[in-house]
Amino acid sequence: MTKDNDHPATPPERRPGAIAGKGKALDRYLGNVIRDLRLKDKLTIAEVAAQAGISRGMVSKIENGQVSTSLETLSRISQALGVSLSHLFR
């Protein structure tokens, strides 16, 4: 197992296996893409939630980058928005 002091000159985010901060940036990015698509289509959070089969609160948290969500949920949201799952990552 690698300890933090095994790589003293290497920042935590550059150490093997580390993704420090990357997850939250992705969560915020995906949330912004989802919100932009929803607003472009003039859909409410409630409409997207109903079509995706998830709660309004969860859609709101996803859009605000407050939670990480599964690919399954992202797939359901992308279908509700009429785009492919890969479109969310462009």
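With sequence neighbours left out, R76 forms a salt bridge (charged side-chain N to carboxylate O under 4.0 Å, His left out) with no residue at all.
Heavy-atom minimum distance, L85 versus S75: CD1-N, 3.8 Å. The two residues A52 and A80 make their nearest non-hydrogen contact at N-CB, 4.1 Å. Across all non-hydrogen atoms, the minimal contact from R56 to A46 is CD-CB, 3.5 Å.
The CG atom of L88 sits 12.0 Å away from the CG atom of N32 when rounded to the nearest 0.5 Å. Within the model, atoms OG1 of T44 and CG of L39 stand 10.5 Å from one another, a figure rounded to the nearest 0.5 Å. Taken from CD1 in I77 to CG in L37, the straight-line distance is 11.0 Å, to the nearest 0.5 Å. In this structure, OG1 in T69 is found 9.5 Å from CG in L30, a value given to the nearest 0.5 Å.
Applying the side-chain hydrogen bond (donor to acceptor under 3.5 Å, both in side chains) definition to pairs two or more places apart or across chains, those involving residues 77-86 are S84-S86. Applying the salt bridge (charged side-chain N to carboxylate O under 4.0 Å, His left out) rule to pairs touching residues 33-55 yields R35-E63, R38-E63, sequence neighbours excluded.
No side-chain heavy atom of D27 sits under 4.5 Å from any side-chain heavy atom of V67. Counting only heavy atoms from C-beta outward, the side chains of I34 and L74 approach each other to under 4.5 Å. Between L26 and F89, the closest side-chain pair of non-hydrogen atoms falls below 4.5 Å.
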